Trainee: 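First the structure, then my questions, so here it is.
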Amino acid sequence: MNEQTPKTESYQRIPPFIEIMDSTLRDGEQTSGVSFLPHEKLMIARMLLRDLNVDRIEVASARVSEGEKEAVRMICRYARQIGRLESVEVLGFVDGNTSVDWLVDAGACTLNLLAKGSLRHCREQLGKTPEEHIRDIKEVVNYAHEKGVGVNIYLEDWSSGMKESPEYVYRLMDALTIDQSPRIRRFMLPDTLGIMNPLQVVEFFRKMKKRYPEVHFDFHAHNDYDLAVSNSLAAALSGAHGLHVTVNGLGERCGNAPLSSVQVILKDQFNAKTNINEEKMMDVSRLVESYSGIAIAPNQPIIGDNVFTQVAGVHADGDQKGGLYHNALVPERFGRKREYALGKTSGRANIARNLQELGLELTPEQTQKVTKRITELGDRKEVVTQDDLPFIVSDVLKHDVTEDKVKLVSYQVSLAYGLKPLANVKMEINGQQYEGHSSGDGQYDAFVKALRKIYKEYLGRTFPLLANYAVTIPPGGRTDALVQTVITWQMADGRPLRTRGLDADQTEAAIKATIKMLNIVEKEK
């Protein structure tokens, strides 16, 4: 291509700034099985506005419930305190004064009015003519204006409208932009059924922008064909000033466009500007994951557990020789760090990198022995982490570099119907034996409480907090299958530490992970 070849028309039209509207608390809550409590909505809203710096958040649908109204009240009180009340939006309906009054009573001041963007929806769902629907929309807009409420308008099913009844879409837009334009801030164009592809988005957006060049258009994508991110990008390239997203891609059916993916593609691929603070995306994702109960896939771009983990040894080798396997998505940009997995494909470069981070210096022969053992573990599909590495080194090399300072001498846990589980534990810590006993809500809980007593009563020390507990069982359905327990601890200095245990018994696997953690703590001391 000639260096003087001009950029395409669509690329020239990308706005210098893209407004991001997050709909996790409204559209994201339509994910099957997801329902946020009012205080959970407030916590998510605080993080979206304060930490992530999203331009706008859609937090609820009007008329749903008193609990929903209370959530909106809480969010609006907080938003008013930080000067962001206009950033809080509520979905409302063409229902006379009802939605507007509900919104005002909740303390909000921005209404996202759900109008019909296709003739089929207007006639079959509402049972009205376009003229009647336009009249009803204007009544709500005028009433909202009287109440001091700003209005954005959704053209629901706009994608079908542009495919099947574009004359209806233009008729609606003409009526609402001629004499209502000062009272309508934005027109929001949803692909409600997730049926569009990027070429259609470009085509339809160009038509809308050509006919209504002064209108602020948002695009709202759904992911039924796995095209939500691509369609959002196509909309931005074709003149959309705002994009709608959700944290972790939550949303009805297949979800909406994930905030993290939309953000990095806009910034890295097309130099678009947003207000998003990328360092906080992981924090928001984890909070929403916790409250929603919808797990993030390990390979989910940007926010997945594995996306900054190099597995192949050749990649670690290339990174050591000049960052040959890095791209613009450096983990530090998102408050993360690059990791090098340990397994059968690791190779010496991966293992050497992990040893270096731990401060362990081995000879080439020793490293080769450790590599061989890790490969053997990988062949058995056991997951090996950096925290496991000192124990593998100790086991392979049979020296005192990582001698256990904390040893489990004996323990007994009992479980009886109708009674709380009990645990009796005997530990050896730095050569001294201690005993503790306790009850708990489960066998492992009783074990940990007994340990806490030992550390508090005999050693006068605090015990790390358990931040997360996950159990995985290999497929096959055998009762003797190995159980892998992964425990994330929050250390006294606030940093996380993750240890794993593997055993045929879940409690025993968790205990092994706990003893690993205690030895790491002792070695650091």
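Computed from a predicted model, the values in this text were never measured in an experiment.
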Trainee: Compare every heavy atom of P38 with every heavy atom of G67, then report the nearest pair and how far apart it is.
Mentor: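 Looking at all heavy atoms of both residues, the closest pair is O-CG, 3.7 Å.
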Trainee: Check the pair I303 / E289 against side chain to side chain contact (heavy atoms under 4.5 Å, CB included), numbers first and verdict last.
Mentor: CA-CA 11 Å; I303 56 175; E289 179 184 41; over 6 Å; no
Trainee: Taking T24 for the side chain and V247 for the main chain, is one N or O donor matched with an acceptor at less than 3.5 Å?
Mentor: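 Flag set: sc T24 to bb V247 pair under 3.5 Å.
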Trainee: Just wondering, do K209 and R206 contact through their side chains at under 4.5 Å, heavy atoms?
Mentor: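 With C-beta onward as the side chain, the pair stays apart.
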Trainee: I need the minimum non-hydrogen distance between A115 and V94, along with the two atoms involved.
Mentor: CA-CG2, 4.4 Å
Trainee: Under 6.0 Å from the CD atom of E86, do we count more than 12 heavy atoms belonging to anything else shown?
Mentor: no
Trainee: Using the test side-chain hydrogen bond (donor to acceptor under 3.5 Å, both in side chains), find all partners of R120 that sit at least two apart in sequence or belong to another chain.
Mentor: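 Expected list: E164.
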Trainee: Go through V141 and L176 one step at a time and tell me if the side chain to side chain contact (heavy atoms under 4.5 Å, CB included) criterion holds.
Mentor: CA-CA 10 Å; V141 173; L176 296 177; 5.6 Å; no
Trainee: Between the main-chain N or O of A297 and the side-chain N or O of Q300, is there a donor-acceptor pair closer than 3.5 Å?
Mentor: no
Trainee: What verdict does the side chain to side chain contact (heavy atoms under 4.5 Å, CB included) test give for V104 and V100, after you've listed the backbone C-alpha separation in whole Å, the side-chain angles of each residue and the deciding distance to 0.1 Å?
Mentor: CA-CA 6 Å; V104 171; V100 175; 4.3 Å; yes
Trainee: How many angstroms lie between OG in S438 and CG in D445, if you round to the nearest 0.5 Å?
Mentor: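 Atom-to-atom, S438:OG and D445:CG are 7.5 Å apart.
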Trainee: Say you draw a straight line from CD1 of I296 to OG of S285; how long is it, rounded to the nearest 0.5 Å?
Mentor: 5.0 Å
Trainee: Between N53 and N275, is there a donor-acceptor pair closer than 3.5 Å when you use the side chain of the first and the backbone of the second?
Mentor: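 Confirmed, N53 side chain pairs with N275 backbone.
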Trainee: Could you grab the distance from atom CD1 of I184 to atom CG of L113, nearest 0.5 Å is fine?
Mentor: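 With rounding to 0.5 Å, CD1 (I184) is 8.0 Å from CG (L113).
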Trainee: Would you call V262 and I18 a side-chain contact if the rule is heavy atoms closer than 4.5 Å?
Mentor: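 V262 vs I18: side chains apart.
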Trainee: Can you tell me if Y143 and D101 form a side-chain donor-acceptor pair at under 3.5 Å?
Mentor: yes
Trainee: Could you tell me whether the side chains of Q30 and D27 share a donor-acceptor contact shorter than 3.5 Å?
Mentor: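 Looking only at side-chain atoms, D27 and Q30 do form a donor-acceptor pair, the distance falling under 3.5 Å.
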Trainee: Is any side-chain heavy atom of M208 closer than 4.5 Å to a side-chain heavy atom of W158?
Mentor: yes
Trainee: Do M47 and K280 make a side-chain contact, defined as non-hydrogen atoms from C-beta onward lying under 4.5 Å apart?
Mentor: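 Contact flag for M47/K280 side chains = no.
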Trainee: Can you list the steps and then say if S61 with E68 is a side chain to side chain donor-acceptor pair (under 3.5 Å)?
Mentor: CA-CA 8 Å; S61 297; E68 193 82 332; 5.5 Å; no
Trainee: Keeping the roles fixed (side chain from H133, backbone from K116), state whether a donor-acceptor pair exists under 3.5 Å.
Mentor: yes
Trainee: Taking side chain as C-beta onward, heavy atoms only, is N152 less than 4.5 Å from R56?
Mentor: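 Contact flag for N152/R56 side chains = yes.
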Trainee: Is a donor on one side and an acceptor on the other found under 3.5 Å between the side chain of N248 and the backbone of L250?
Mentor: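 Between the backbone of L250 and the side chain of N248 there is no qualifying donor-acceptor contact (under 3.5 Å).
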Trainee: Should T514 and F463 be marked as a side chain to side chain contact (heavy atoms under 4.5 Å, CB included) after you check the CA-CA gap, both sets of side-chain angles, and the distance that decides it?
Mentor: CA-CA 11 Å; T514 305; F463 196 88; 4.2 Å; yes
Trainee: So that I know where these two stand, are Y154 and H244 an aromatic pair - ring centroids less than 6.0 Å apart?
Mentor: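 Ring centroids of Y154 and H244 are less than 6.0 Å from each other.
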Trainee: With side chains defined as the heavy atoms from C-beta onward, is the minimum distance between F447 and T507 less than 4.5 Å?
Mentor: no
Trainee: Is there a donor-acceptor pair under 3.5 Å between the side chain of K41 and the backbone N or O of L25?
Mentor: yes
Trainee: Under 3.5 Å, is there a donor-acceptor pair between the side chain of T246 and the main chain of G251?
Mentor: no
Trainee: Salt bridge check: are E132 and R135 linked by an N-O gap of less than 4.0 Å?
Mentor: no
Trainee: Going from NZ on K207 to OH on Y170, what distance comes out if it is rounded to the nearest 0.5 angstrom?
Mentor: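 Rounded to the nearest 0.5 Å, the NZ-OH separation comes out at 5.0 Å.
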Trainee: With sequence neighbours left out, what residues match K69 under side-chain hydrogen bond (donor to acceptor under 3.5 Å, both in side chains)?
Mentor: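 With neighbours one apart ignored, the set is D105.
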Trainee: Just wondering, more than 12 heavy atoms not from R123 lying within 6.0 Å of its CZ?
Mentor: no
Trainee: Quick check for you: to the nearest 0.5 Å, what is the distance between I276 atom CD1 and L52 atom CG?
Mentor: 4.5 Å
Trainee: Residues two or more places apart in sequence or in another chain: which of them pass ring-ring contact (aromatic ring centres under 6.0 Å, His included) with F204?
Mentor: none
Trainee: Should P130 and L119 count as side-chain neighbours, where that means a heavy-atom distance under 4.5 Å?
Mentor: yes
Trainee: Over all heavy atoms of both residues, which pair between A108 and V72 is shortest? Give the atoms and the distance, please.
Mentor: CB-CG1, 4.3 Å
Trainee: Calculate, to the nearest 0.5 Å, the distance between atoms CG and NE2 belonging to L155 and H121 respectively.
Mentor: 12.5 Å
Trainee: Between D55 (side chain only) and I20 (backbone N and O only), is there a donor and an acceptor less than 3.5 Å apart?
Mentor: yes
Trainee: Testing the basics here: between V34 and S292, what is the closest heavy-atom pair and its distance to 0.1 Å?
Mentor: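 Minimum heavy-atom separation between V34 and S292: CG2-O, 3.8 Å.
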Trainee: Could you name each residue pair satisfying salt bridge (Lys or Arg N to Asp or Glu O under 4.0 Å) that touches residues 256-267, not counting sequence neighbours?
Mentor: K267-E278
Trainee: For the NZ atom on K163, are there more than 12 heavy atoms of other groups (residues, nucleotides or ligands in this structure) within a distance under 6.0 Å?
Mentor: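 More than 12 heavy atoms, drawn from other residues, nucleotides or ligands, come within 6.0 Å of this atom.
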Trainee: Among residues at least two apart in sequence or on other chains, which ones pass ring-ring contact (aromatic ring centres under 6.0 Å, His included) with W102?
Mentor: none
Trainee: Should the pair H220 and H222 be assigned to parallel (<30°), tilted (30 to 60°) or perpendicular (>60°) ring geometry?
Mentor: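 Rings of H220 and H222: tilted, 30 to 60°.
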Trainee: Please examine the side chains of N112 and M188, heavy atoms only from C-beta on, and report whether any two atoms are closer than 4.5 Å.
Mentor: yes
Trainee: Keeping the roles fixed (side chain from Y469, backbone from T485), state whether a donor-acceptor pair exists under 3.5 Å.
Mentor: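 It does not hold such a pair.
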Trainee: Test E89 against R26 for salt bridge (charged side-chain N to carboxylate O under 4.0 Å, His left out), laying out the working first.
Mentor: CA-CA 10 Å; E89 302 173 4; R26 199 277 301 174; over 6 Å; no
Trainee: Show the atom names and distances, to 0.1 Å, of all donor-acceptor pairs under 3.5 Å that link a side chain in residues 189-197 to residues at least two apart or in another chain.
Mentor:
{"from": "D191", "atom 1": "OD1", "to": "S159", "atom 2": "OG", "distance (Å)": "2.8"}
{"from": "D191", "atom 1": "OD1", "to": "G194", "atom 2": "N", "distance (Å)": "3.4"}
{"from": "D191", "atom 1": "OD1", "to": "I195", "atom 2": "N", "distance (Å)": "3.0"}
{"from": "D191", "atom 1": "OD2", "to": "I195", "atom 2": "N", "distance (Å)": "3.2"}
{"from": "D191", "atom 1": "OD2", "to": "M196", "atom 2": "N", "distance (Å)": "3.1"}
{"from": "T192", "atom 1": "OG1", "to": "D157", "atom 2": "N", "distance (Å)": "2.8"}
{"from": "N197", "atom 1": "OD1", "to": "L199", "atom 2": "N", "distance (Å)": "3.0"}
{"from": "N197", "atom 1": "OD1", "to": "Q200", "atom 2": "N", "distance (Å)": "2.9"}
{"from": "N197", "atom 1": "ND2", "to": "Q200", "atom 2": "OE1", "distance (Å)": "3.4"}

Trainee: Give the minimum heavy-atom separation between L111 and L91, together with the two atoms involved.
Mentor: CD1-C, 4.4 Å
Trainee: Consider side-chain hydrogen bond (donor to acceptor under 3.5 Å, both in side chains). Of N223, D224, T31, which one does R253 pass it with?
Mentor: D224
Trainee: Is there a donor-acceptor pair under 3.5 Å between the side chain of S232 and the backbone N or O of A228?
Mentor: yes
Trainee: For the residue pair R452 and P464, what are the closest heavy atoms and their distance?
Mentor: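 Smallest interatomic distance, heavy atoms only, reads NH2-O, 3.5 Å.
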Trainee: In terms of side-chain geometry, is the basic nitrogen of K420 or D441 positioned less than 4.0 Å from the acidic oxygen of its partner?
Mentor: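 Here K420 pairs with D441 in a salt bridge, since their nearest N and O are under 4.0 Å apart.
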